[in-house]
Every structure is written in structure tokens, then in C-alpha cells.
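Down below is the structure, laid out as C-alpha cells.
Note that the structure is a prediction, hence the values are computed from the model and not measured.
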There are 2 protein chains.
Amino acid sequence: MSSRLKDVAARAGVSVRTVSNVVSGSATVAAETRQRVQEVIEELGYRPNLAARSLRAGRTGIIGLAIPELHSPYFSELAGLLVEEAQRRSWTVVIDQTRGDADAERRLLTRGGGRVVDGLIISPWALDPAELTELAATTAPAVPLVLLGERSPRGTLDRVAVDNVAAADDATTHLLRIGRRRIAAIGLQPHLQNGTAQQRAQGYHRALERAGHPRPAEALQRPVAALHRADGARAMTELLDGPERPDAVFAFSDELALGALHMAHQRGLRVPEDIAVVGFDDIEDGRYSHPPLTTIAPDKHQIALRSLQCLADRIYSPDNAVPAQDLTVPHRLVVRGTA
Amino acid sequence: MSSRLKDVAARAGVSVRTVSNVVSGSATVAAETRQRVQEVIEELGYRPNLAARSLRAGRTGIIGLAIPELHSPYFSELAGLLVEEAQRRSWTVVIDQTRGDADAERRLLTRGGGRVVDGLIISPWALDPAELTELAATTAPAVPLVLLGERSPRGTLDRVAVDNVAAADDATTHLLRIGRRRIAAIGLQPHLQNGTAQQRAQGYHRALERAGHPRPAEALQRPVAALHRADGARAMTELLDGPERPDAVFAFSDELALGALHMAHQRGLRVPEDIAVVGFDDIEDGRYSHPPLTTIAPDKHQIALRSLQCLADRIYSPDNAVPAQDLTVPHRLVVRGTA
DNA sequence: ATGAAAGCGCTAACAC
DNA sequence: GTGTTAGCGCTTTCAT
């Protein structure tokens, strides 16, 4: 059987109050008493019951991280950073996978499972930003919330993201600068209410336009079902079999880019000579592909840091005193071998 | 302010008992009463307080997953499967990263942080299996525990893993079968008390021996500091610059293999003609490398499924009535392009 | 079928 | 500096 505060108190011949003080270090305890209590704690193997503490404190010390899928390198790298940084703040992280399922996202926002987490960092995928904001607003009591990537209408919710338009512009501009003319885009997701893909598409068009290019043919803009390597490979096949063979591809994620790269090799094309490729995310795999992937690198560390900071502000502030923030983290173009 | 059971009861004109019954669905409630209570729950946006429920039940519904690092594809793929499967059992998963730090592993085993999780699935990395078992045995109250990979002495703890010796044997035998003679191994970790690497080395030697090969030169067995791509690349450099250039490499993880593959390309070698490569883990990236990676595929889905089943048995069984299990999950050799 | 009340383990307000 | 105790929100035994 596990021991409680009361057991320790009895055995040490003090009150629970004193033991509690020793454990939390909150009040001053006589050195001798503290010593004795410590020994009994060791002896009995006492561990505080966190459920009781949470009930008392009205907080659990647990925050949620909701992402589409953990096996995707971008998200697992980000999750790793978040877990590490959260630990530093004495928070525990529970991870939920939404799998691009709108209902899963809805459930999380409305605390379907009950009041476990003190706050939630969510990377919405399937949910329309408007509905998302609406849900967050009508859920009582409100969950402290930080959005990753998606922007809520009129900035009502905290949000952390890179400037997707500028980043996509940078990628496309780089391809133009190295002399490419028929630049394809892979990664539109017309079936989802996903602002991120739209913003990247916008940056792509903006760069082309500024360079005086005509709007690219529809055939050069490939939609995808998901953002995995397989989707990138499929899109690349369509491009290579299409009416106008591109001399460069801007993929909206590194996974898509790596899939495209794979397909280029399969078809016997040389990269970057025959076709250049730029990705987005700077995942570890891209550094070791053949050739290494040129990509847009969002500052993931900043994303982790600032979203936690944001969440902390909201959790510890007296109800909603803090205005919603829209934080843009830096990104940079990393030129490697594919473009 | 958030509403409690009491508030719902007052507003619906019933007792808390009745509301509790409606929420949990445990006892029979008159249809009319249930209806009314439901409405009030909706109206007030009532959500059960999980801390209170946990305190009462003596369980949190949260299990821990402790892995060396989340950003490593093998672990993130496995974590994704575990989270998904846990959800099906109404468990929430908190993830801890041990970063190959022995102290971090110790802390988790002795419930350093207090009594949060109902059970723990841990993939030990730095801790000696003997110490691990010792710690688990002396910690009171015991945490229900499932080991991933490492075996505890005399099978005192539940454990789920592939047959590492047989799998490494399969990989090496495949290289022999396709005519390779100077087969190197990358992935020994002499600085760690890590049984997994030792077992894979053992399988490698067993296959060579059975084929009548002399014991490979030390120079062909490359130790690594970690299991990342960079370590694989470094080991490959050493091999290519070494006294005896290998015609094949068996890497103890896919990440190592991909790093080695990268380096082979850098040096202008053809794969598999000049040098063949076999990995271990079957991570997604290996399917899209150039050429696609031949590897040993552990059945990750089984690992997730069975470790959770194991944990459930231990959590729900009256104290330690269940004998410790040592479960071996299937693996298979997946021949793709590199060997 | 429903109500009243005890108690899960902890913290902190209130005593001394 | 330390003891006593109420109460966090829930489930469940006992009573009706």
C-alpha cells in the first residue's frame, strides 16, 4: 500500500501540516524537524498524490499538444522540442493526434474528455478557422489555447507561426534566381479549410508575379490529399506526365519534396540539373537525402518556446487580462543540393 | 466560473447522486429525470473534473511513455501508434524524453515526479538492465511497468521486443546470400549498457560464423555515439578510409543506414553495386531514399498493441497476480534497393 | 429511483 | 514553528 502525508506525519511524530511544508518547501521548518521528516519520507517511499494536489490547486500541471500526426517528422521534431521545453517549466505534455479529423479537433476544443489539461497547443488541420474560433469562444470555461499555424479571424486567439507568404515567396524567388522558369507547386489542399497551404500558394504566386511571370498553368499547381512522401511522389508523376514539364518544384513540405525527389530519381532525372526541388520544414531527413534538400527552415525552437510562453501567460493571468497575440517566428532559406 | 456536479443538481432539482449517475451511466435513472439533467448539463457546459475523479478512483487514466527521443523516426512512429491505441482504451499518454540520460530513466522508474501515471512503458537506453530491475523492485508502491527492447535479468519485468539476434542474423545472411564477403557492422554502443546493440552484434556474428566466415576484423565493426544519421555518416567515413574497405554494411538502425548511404553517395560510390546497405527499423524515410533502403521491419503495430495489453493486465490485475511476460513480436526482412 | 453524507490526499486559512 | 481542520469535486455506501 502506498503511504500518504498522514502516514509520514504519524511516523515522524509531527502534523501533516509540517510534512506538507517540508515537501513543498513553502514555509520555514526547523532544521531538525525537517531532517526527521525527510528520513521518514525516504523510509516510507512517500510520493505526493498528484490527483489530490491538482484537485486542491485547481490545476493539473498538464498541457495538451494536439497535432495531426506524430509520425510526421515535422511534428515529431516540434513535439520533442515542446516536451523538452515544457519539462523545464514543470509541465507534463499529453499528446493527441487529430489525424486531420475535424471531429477530433472539435472534441479537443470543447474539452470533450473533461477538464484534464491546463491549456492546449493545437495545430488545426481540418477545422475552418472561423468554426474553431467560434468553438473556443463558446466553450465554458474557456481552455487557454494557442494555435500553431492557423490564424483565427480578427486575431481573437493566440497564434504562433512563420510568415508563410513571405517564406513561400523566398523559396520561389530562389528558384527564379537560379534561372528556373517553369516552376511547379505541390501541396495545395483544396479539400481542407487550411489556411497554411493557401498562404504558401499566395507567396508562390506573389514571387512569380513580381518577377513578371504569367500566372502558372493549372497543371503546374498540384493538389495533394495529404502531406506525406507518397503524395509528393504522386504529384511529381503527374507533373512529369503532364502537358508542361516543369524545371523546378516548390513543395509545401519536406515530406512532399522528398517524395517528389524520389520520383525524379525513379524517372532517371538529374536533380537539380533537370529539375530543381525546394521543400519546407527543414526536417532532419532532408539533410541526408541525395542530394541534400534545399528548404525553408522555420525556427522550430522559437515556435516551441513562444507557444509555451504564450500559454503560460494565458494560464497564469487573471481571466483573459492578456490580449491575444499573433507571433511570427523567423524562417530562413537553407540552400543545399536540390536547388 | 466552471460548474460542478452540485450546480447541475441544484438547477435540475435533483441530488448530486442522480447527476453523477447520468454522467457515468452507471445506475438506472428515470428517462424523464435523465432528460432534464442532460439539458442542464448542456446549458451549464458542465465537464467532469478529472482530478477529483482520479483522486476518488485512485487512478488517473494516464499512462507514461518514456523514450530516448521523440524526434527519432522510429520512436515517433511507435509513439504515434501507441497514442492511437491508448486512445482506444480511453487512456491518455504523456511522453517523456530520457535523451539517453541514466538519471532521467531512474527518476521515471522511481516516480520522481509523484504519482501521476497509472503505468509506464519505457524504452531504456542508458540504464543497465540489472539496475533497472532493482529500481523497479524497490520502488514502493510499484509502478506497473513494461519494458521495450531491454530484457530484465531473469525475466522479472514485462517486456516486448523483436528477436534482435535472429533479426540481425537475417540481415547479415541476406548480405551473404547476395555474395558479399567483407560485411561491416555499424551501431555498437560500448559506452552504454545497451543489450539491444549487443544482441544485434551477436546475430551478425552468428550469421558470419554459420557461413564459415572468420570473425570480422575490428576495423569492420564501428561503434557509434548515438543512432542518428550523422553517426552513420561518420562510421561510413571511417570504414571507407579504413584498412579494409567493406562491400556491405549492416547498420543497427535505419537512421544510421541512411547516414551511411548519404556518405557513400558523397564519396561517389554506387549503391548497391560498390557497397550494399541493410538497416533496421523500417522507418518511413527508408522507403523513399535513393535507392530505397533494404531493412529489417519490426512489427511496430504489434509492439504498440501488446505492450498496452501487457500494461493493462498489470494495472487491472489484483497486485502482481500476473506473471511477468516476455513477448517477442515478429519481424521481417524487407528487400528494397540497397542490398 | 433518489437523497444524504463520508472520504479519496492534499493545501492553506486559522489558531496557538 | 507547528497543530487542527475545512474543503477542492467526485463516487459510492447506506438509507429511504
Side-chain angles (χ1 to χ4, degrees), chain A residues 1-41 44-62 90 92 111 113-118 140-141, chain B residues 1-38 40-41 44-62 90 111 113-118 140-141:
Chain A
M1 196 42 214
S2 83
S3 47
R4 296 142 304 158
L5 219 43
K6 197 174 24 167
D7 303 325
V8 177
R11 191 156 174 89
V14 296
S15 77
V16 288
R17 164 78 207 253
T18 305
V19 182
S20 177
N21 284 341
V22 171
V23 172
S24 64
S26 55
T28 42
V29 179
E32 193 192 351
T33 315
R34 149 166 288 125
Q35 169 75 16
R36 185 151 33 95
V37 170
Q38 279 293 9
E39 281 167 10
V40 176
I41 286 178
L44 263 45
Y46 168 77
R47 304 271 176 264
N49 180 318
L50 265 49
R53 203 177 258 182
S54 299
L55 176 57
R56 185 66 235 249
R59 283 209 190 101
T60 60
I62 300 175
S90 307
T92 305
R111 298 190 190 249
R115 219 169 309 128
V116 228
V117 297
D118 291 344
Chain B
M1 195 42 213
S2 84
S3 48
R4 298 145 302 159
L5 221 42
K6 194 168 40 162
D7 304 323
V8 177
R11 193 157 173 86
V14 296
S15 77
V16 288
R17 162 79 206 254
T18 305
V19 182
S20 177
N21 284 341
V22 170
V23 172
S24 63
S26 56
T28 43
V29 179
E32 194 191 349
T33 313
R34 149 166 289 128
Q35 169 74 17
R36 186 152 33 94
V37 170
Q38 278 294 8
V40 177
I41 287 178
L44 264 46
Y46 168 76
R47 304 269 178 265
N49 179 318
L50 264 48
R53 203 177 258 182
S54 298
L55 176 57
R56 184 65 234 251
R59 282 208 191 103
T60 59
I62 300 176
S90 309
R111 299 187 189 253
R115 218 169 309 125
V116 229
V117 298
D118 292 344

field: Residue-phosphate contact under 4.0 Å: A:Arg53 side-chain N/O, C:dC10 OP1/OP2
entry: no
task: May I ask you to verify if any side-chain N or O of A:Thr18 is less than 4.0 angstrom from the OP1 or OP2 atom of D:dG3?
output: yes
Nearest-Å distance, [atom1] ([X]) to [atom2] ([N])?
{"X": "B:Arg17", "N": "C:dA1", "atom1": "CZ", "atom2": "P", "result": "11 Å"}
{"X": "B:Leu55", "N": "C:dA6", "atom1": "CG", "atom2": "P", "result": "17 Å"}
{"X": "A:Asn21", "N": "D:dT4", "atom1": "CG", "atom2": "C1'", "result": "13 Å"}
{"X": "B:Leu5", "N": "C:dA4", "atom1": "CG", "atom2": "C1'", "result": "14 Å"}
{"X": "A:Lys6", "N": "D:dG3", "atom1": "NZ", "atom2": "P", "result": "16 Å"}
{"X": "B:Arg59", "N": "D:dC10", "atom1": "CZ", "atom2": "P", "result": "20 Å"}
{"X": "A:Glu32", "N": "D:dG1", "atom1": "CD", "atom2": "C1'", "result": "13 Å"}
{"X": "B:Arg34", "N": "C:dA1", "atom1": "CZ", "atom2": "C1'", "result": "12 Å"}

Rounded to the nearest 0.5 Å, how far apart are [atom1] of [X] and [atom2] of [Y]?
{"X": "A:Ile62", "Y": "B:Leu50", "atom1": "CD1", "atom2": "CG", "answer": "9.5 Å"}
{"X": "B:Leu55", "Y": "B:Arg53", "atom1": "CG", "atom2": "CZ", "answer": "13.0 Å"}
{"X": "A:Leu44", "Y": "A:Leu5", "atom1": "CG", "atom2": "CG", "answer": "11.5 Å"}

Nearest-nucleotide pick for [X], side chain only, options being [options]:
{"X": "B:Val14", "options": "C:dC10, C:dG3, D:dG9", "answer": "C:dG3"}
{"X": "A:Ser15", "options": "C:dT2, D:dT2, D:dG9", "answer": "D:dT2"}
{"X": "A:Asn49", "options": "D:dG9, D:dG3, C:dG9", "answer": "C:dG9"}

task: Can you see which heavy atom on B:Ala9 is nearest to which on B:Ser15, and at what distance?
output: CB-C, 3.7 Å
Mind checking [X] for me? I need base, sugar-phosphate or nothing, with any heavy atom below 4.0 Å counting as a touch.
{"X": "B:Thr33", "value": "sugar-phosphate"}
{"X": "A:Val16", "value": "base"}
{"X": "B:Ser24", "value": "nothing"}

- prompt: Pick the nucleotide of DNA chain C nearest each of A:Ala51 and B:Gly13; which residue has the one closer to the 5' end?
  reply: B:Gly13
task: On DNA chain D, check which nucleotide each of A:Ala30 and A:Ala57 is closest to and give me the residue with the more 5' one.
output: A:Ala30
message: Would the distance check show the side chain of A:Ser24 and the main-chain N or O of A:Ser20 forming a donor-acceptor pair, the cut-off being under 3.5 Å?
response: yes
